[in-house]
2 protein chains.
Amino acid sequence: MNLTRAHEGPLPDMSCGRRQSRASVRICRECTVQTRAFCAVLDDAALAQMERLHTICCLAGEESLFMEDDAAIAFFTVLKGALRLSKLLPDGRRQITGFVLPGEFIGLAAGEVYAHNADALMDTSLCRFSLTDLDRIGQENPELNSRLLAMTNSNLSLAQDHMLLLGRMNALEKTANFLCSLRTRVAAADQPIDPLVLPMCRADIADYLGLTIETVSRTLTRLKANNIISLPEHNLVRINDIAALTQLAEG
Amino acid sequence: MNLTRAHEGPLPDMSCGRRQSRASVRICRECTVQTRAFCAVLDDAALAQMERLHTICCLAGEESLFMEDDAAIAFFTVLKGALRLSKLLPDGRRQITGFVLPGEFIGLAAGEVYAHNADALMDTSLCRFSLTDLDRIGQENPELNSRLLAMTNSNLSLAQDHMLLLGRMNALEKTANFLCSLRTRVAAADQPIDPLVLPMCRADIADYLGLTIETVSRTLTRLKANNIISLPEHNLVRINDIAALTQLAEG
DNA sequence: CGGCCTATTGAATTTCTTCAAATAGTGTGG
DNA sequence: CCACACTATTTGAAGAAATTCAATAGGCCG
């Protein structure tokens, strides 16, 4: 699904508001992710401006937000749900480069076009700004660019960690690392971690870790056989021995 | 080698100046990389300030600029030479996450400490600023942060490309991709590309591509056997069939 | 010339993938 | 409510790719 086809408009169950703002920041201040999002550093005046300019988009699971080489015109903060970022080779091989969770942003491109695909893992809602609006507000509010720079650096650091995983870890280490990282990230978002919910299917895990579906499945089975984890359901993991899992995850 | 041990002071053969500035921008304007570096967007006033605050560091080949977990206190632009960025696993396995060429910067950390090692591939000189100075100038010159953000986004995009390579390409594709990318980057810096000089050893190529030294060597031999490249010397590559190499490089 | 380091080549082994089949879970329509 | 189909996941066996271990070749420097 293309940007232009994304549903736009008020969301009945969203705490983050709708377009018609009265130059107040009431709506943004009530937003569930505002304190973690890029806009957390803005003062009330700037936030009121953002509130006037934002749009809400919703995606159903597996819907696409944008694709590689689409013109980069918009910037999004995930409010609820999650996105999957991926790149493809011409023959269809796919590498998932990361997941975007609530409070995180997506859409700053290095050039005129996006460098990867962004799809919803599940029903997802986003707070959207045009890049031209964002640029303008950035010029008027230097702290915004500092904030975006810090968040982008943090993404770069995650990317470097993931390169180490992809290039130098074996299947067991990759899988253990994935489970530990997911647990940490889910815990940081104050979500329950026991059991840990896997929001993506085996194919997504495989394409994230640079493995095949079968190898991911076998590796999870092996962790289960060693009593390090249990798999009560396909998308649920109980971590029985976090020390052992962490040990594996670090190589 | 640690930051504090890096040689500092005037460089006889450097076009980019030394510490004692006279509030002019003469020295920076003569710098060989200034038009490509992050500071290219600064006006004369800001540049004069930078000129007062900068220091020149020199590293010999294989010397370390900083290590993972060192306190992040400084920011560097490569003037001449090249750096290698890497991360290590506890048992010594290494992943090279990128190379830093003249005009590019290094040192913006996501947190209090650096997230990777940075070592010189060869004799390298750098233009150094403390992060506190950089922050201050960034606050006074919003265009600086925009520029750093754009350059960081470009690094992130390269990192995502490299994840695709590490996770989903085979040895032949990885090696072809490496040669094509190096060629493009060297050409962009107006350096000769025929023969193409490999500034790093096989071990570095292997750790960059997530392969072993032996596999890199075998793959280069294979490309040579197919007349796609020639290897006149260990560190020189002639690309005989750029179309075929590009074809392989794209998967 | 000899030693040392890097790179190449060869053979055996391991890991992961590929191909194939079985199982489990989910939703639909009768 | 059950039979059926569909999909995702697991499991098994065979194969391929890359690694590991071992030996050789090529440069460079003293």
Side-chain angles (χ1 to χ4, degrees), chain A residues 60-62 84 89 91-96 121-122 165-179 195-226 229-237 248 251, chain B residues 61-62 84 89 91-95 121-122 165-179 195-226 229-237 248 251:
Chain A
E62 297 303 313
R84 166 180 73 210
L89 289 174
D91 65 0
R93 280 175 287 173
R94 184 179 68 155
Q95 178 64 45
I96 293 179
L121 276 179
M122 61 193 91
L165 177 146
L166 289 170
R168 288 297 180 222
M169 284 184 171
N170 63 35
L172 194 59
E173 292 164 344
K174 284 178 175 180
T175 307
N177 192 298
F178 166 73
L179 291 174
L196 187 62
V197 179
L198 303 181
M200 68 291 282
C201 65
R202 295 292 184 272
D204 286 343
I205 298 174
D207 285 348
Y208 182 57
L209 298 179
L211 298 171
T212 59
I213 300 176
E214 294 93 329
T215 301
V216 170
S217 180
R218 274 185 255 270
T219 308
L220 288 172
T221 303
R222 209 168 133 199
L223 287 170
K224 186 173 71 172
N226 292 346
I229 63 169
S230 312
L231 295 167
E233 291 177 38
H234 284 160
N235 67 334
L236 293 182
V237 178
L248 285 172
Chain B
E62 297 303 311
R84 167 179 73 210
L89 289 174
D91 64 1
R93 279 175 288 174
R94 183 179 70 156
Q95 178 64 45
L121 275 179
M122 60 192 91
L165 176 146
L166 289 170
R168 287 296 179 224
M169 284 184 171
N170 63 33
L172 195 59
E173 292 164 343
K174 285 178 175 180
T175 308
N177 193 297
F178 166 72
L179 292 175
L196 186 64
V197 179
L198 303 182
M200 67 291 280
C201 65
R202 295 292 184 273
D204 286 343
I205 299 173
D207 285 348
Y208 182 57
L209 298 179
L211 298 171
T212 58
I213 299 176
E214 293 93 331
T215 301
V216 170
S217 180
R218 273 185 256 271
T219 309
L220 288 172
T221 302
R222 211 168 132 198
L223 287 170
K224 187 173 69 174
N226 292 346
I229 63 170
S230 310
L231 295 167
E233 291 177 37
H234 284 161
N235 66 333
L236 293 182
V237 178
L248 285 172

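- Atom CZ of A/Arg93 is separated from atom P of D/dA17 by 12 Å (rounded to the nearest Å).
- Taking atom CG of residue A/Leu172 and atom P of nucleotide C/dT14, one finds them 17 Å apart after rounding to whole Å.
- Listed for the B/Arg84 side chain is no donor-acceptor partner under 3.5 Å among the backbone atoms of B/Tyr208.
- Out of C/dA7, D/dT11, C/dC16, the shortest distance to the side chain of A/Ala171 is found at C/dC16.
- Summarising the geometry, the separation between CG on A/Leu220 and P on D/dT11 is reported as 10 Å, rounded to the nearest angstrom.
- With rounding to whole Å, B/Met169 atom CE is found 17 Å from D/dA17 atom C1'.
- One can place CG of A/Leu236 at 18 Å from P of D/dA8, the figure rounded to the nearest angstrom.
- Whole-Å rounding puts the B/Glu233 CD to C/dT6 P distance at 17 Å.
- The nearest whole Å value for the distance from the CG atom in B/Leu231 to the P atom in D/dA25 is 19 Å.
- No donor-acceptor pair closer than 3.5 Å links the side chain of A/Ser217 to the backbone N or O of A/Ile213.
- Atom CG in B/Leu121 sits 7.0 Å away from atom CD in B/Glu62 (nearest 0.5 Å).
- Residues of residues 201-218 of chain B that place a heavy atom closer than 4.0 Å to DNA chain D, in numerical order, are B/Gly210, B/Leu211, B/Thr212, B/Glu214, B/Thr215, B/Arg218.
- To the nearest 0.5 angstrom, A/Met169 atom CE is 4.5 Å from B/Leu89 atom CG.
- A distance-only check finds a donor-acceptor pair linking the side chain of A/Arg93 to the backbone of B/Arg168 [under 3.5 Å].
- Judged purely by atom type and a 3.5 angstrom limit, A/Gln95 uses its side chain to pair as donor or acceptor with the backbone of A/Asp207.
- Straight-line distance from the CG atom of A/Asn170 to the P atom of D/dT19: 13 Å, rounded to whole Å.
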